[in-house]
Amino acid sequence: MAVDDRFRDVDWELVLYKLTLRARQLFAAAQAKGYGNALARTGVDAGDLARSVIAEALKNERVKYKPSKGASLSTFLSLVLERDFKDLLRKGSRLHRRLDTLGSSARREDDGPRERGIVYDLPDGGEGAKIVELRAAALQAVDGQRDLEDYVTAAFDFAAVTRADQASCLAVPPSEVTNRRKKFLRLLSPTSTNGPRNSGGEV
């Protein structure tokens with residue numbers, strides 16, 4: 001089967017929409033878990049990741065879609081995207097360790113302490129805009145559930161990354177934070193029915 005035949009009649013706009021939505025969910029979940037800085041260091045956002053997966057599928061080298069295997073194109077590419085996201089997260093973590101090693105004796109321009117999970121000095125159109133986008137995706141996923149809205153606010157607005165920080169910020173026991181985090185992450189899973197819905201059929 002020729003490469004072109006595999007992608008005949010594919011609605012690439014819908015595929016990109018689905019992949020971008022899934023990428024935003026993954027980025028939002030990672031931000032809530034305290035990996036915002038690791039992702040920011042890679043310079044890749046949710047849209048970049050989704051487009052790169054499609055580009056790799058069209059190259060037919062690293063990512064080879066075979067319709068005969070039974071999975072829809074969107075399902076297959078979502079799995080590729082999740083794998084690439086994990087690689088991206090590992091890359092960001094490696095960069096974090098490398099920067100810590102190189103800059104352990106460097107002077108900081110400001111006297112304030114650095115906290116895990118906070119991205120500092122964000123320009124309006126750069127990383128700050130990405131964080132705002134991820135926060136919006138997270139709030140859309142929780143769909144008005146007040147306890148989860150509070151959790152998202154603590155994680156994104158107050159940079160309460162650790163369970164202890166979140167519990168202190170929300171004035172709840174740590175076990176309640178664990179319950180809210182699990183509930184929030186379930187909403188961001190690909191099988192969740194509470195997330196944004198698409199129109200149209202499966203691609």
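On a predicted model such as this, the values are computed, not experimentally measured, just so you know.
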Quick one: do L39 and F85 satisfy side chain to side chain contact (heavy atoms under 4.5 Å, CB included)? Show the steps, please.
-> CA-CA 9 Å; L39 289 173; F85 176 78; 3.9 Å; yes
Applying side-chain hydrogen bond (donor to acceptor under 3.5 Å, both in side chains) to T178 and not counting sequence neighbours gives R163
Does some side-chain heavy atom of Y151 sit less than 4.5 Å from a side-chain heavy atom of V142?
-> no
Give a yes or no on whether a salt bridge exists between D84 and R62, defined as a side-chain N under 4.0 angstrom from a carboxylate O.
-> yes
Tell me, please, which residues at least two apart from R51 pass side-chain hydrogen bond (donor to acceptor under 3.5 Å, both in side chains).
-> D48
Determine, stepwise, if the pair F27 / L88 fulfils side chain to side chain contact (heavy atoms under 4.5 Å, CB included).
-> CA-CA 11 Å; F27 272 71; L88 189 67; 3.9 Å; yes
Any idea which heavy atoms bring P173 and A167 closest together, and the distance?
-> C-CB, 4.1 Å
So do the side chains of R181 and L148 get within less than 4.5 Å of each other, counting heavy atoms only?
-> no
By salt bridge (charged side-chain N to carboxylate O under 4.0 Å, His left out) - contacts of R146 (at least two apart) | D150
With E176 via side-chain hydrogen bond (donor to acceptor under 3.5 Å, both in side chains) - residues at least two apart | R180
Heavy atoms, side chains only, cut-off 4.5 Å: are R24 and L49 in contact?
-> no
Here the gap from K66 atom NZ to N60 atom CG, rounded to the nearest 0.5 Å, amounts to 9.0 Å
May I ask you to decide if the ring planes of Y65 and F76 are parallel, tilted or perpendicular, using 30° and 60° as cut-offs?
-> tilted
Knowing that exactly one of L19, L79, V15 qualifies, which makes a side-chain contact (heavy atoms from CB on, under 4.5 Å) with S74?
-> V15
Donor-acceptor contact below 3.5 Å, side chain S168 vs main chain A164 = no
Using only heavy-atom distances, determine whether the side chains of T75 and S78 contain a donor-acceptor pair under 3.5 Å.
-> no
Evaluate the side-chain proximity of D147 to Q145: yes if any heavy-atom separation is below 4.5 Å, no if none is.
-> yes
K64: salt bridge (charged side-chain N to carboxylate O under 4.0 Å, His left out) partners, not counting sequence neighbours = none
Residue pair R186 / K182, side-chain heavy-atom distance below 4.5 Å = yes
CG on L185 to NZ on K33, rounded to 0.5 Å | 5.0 Å
Sub-4.5 Å side-chain heavy-atom contact between W12 and L58 | yes
State the CG-CD distance between D143 and E149, to the nearest 0.5 angstrom.
-> 9.0 Å
Atom NZ in K18, atom CG in D11: separation rounded to 0.5 Å?
-> 9.0 Å
Using the test side-chain hydrogen bond (donor to acceptor under 3.5 Å, both in side chains), find all partners of K86 that sit at least two apart in sequence or belong to another chain.
-> none
Could you check if a side-chain atom of L26 sits within less than 4.5 angstrom of a side-chain atom of L81, using non-hydrogen atoms only?
-> yes
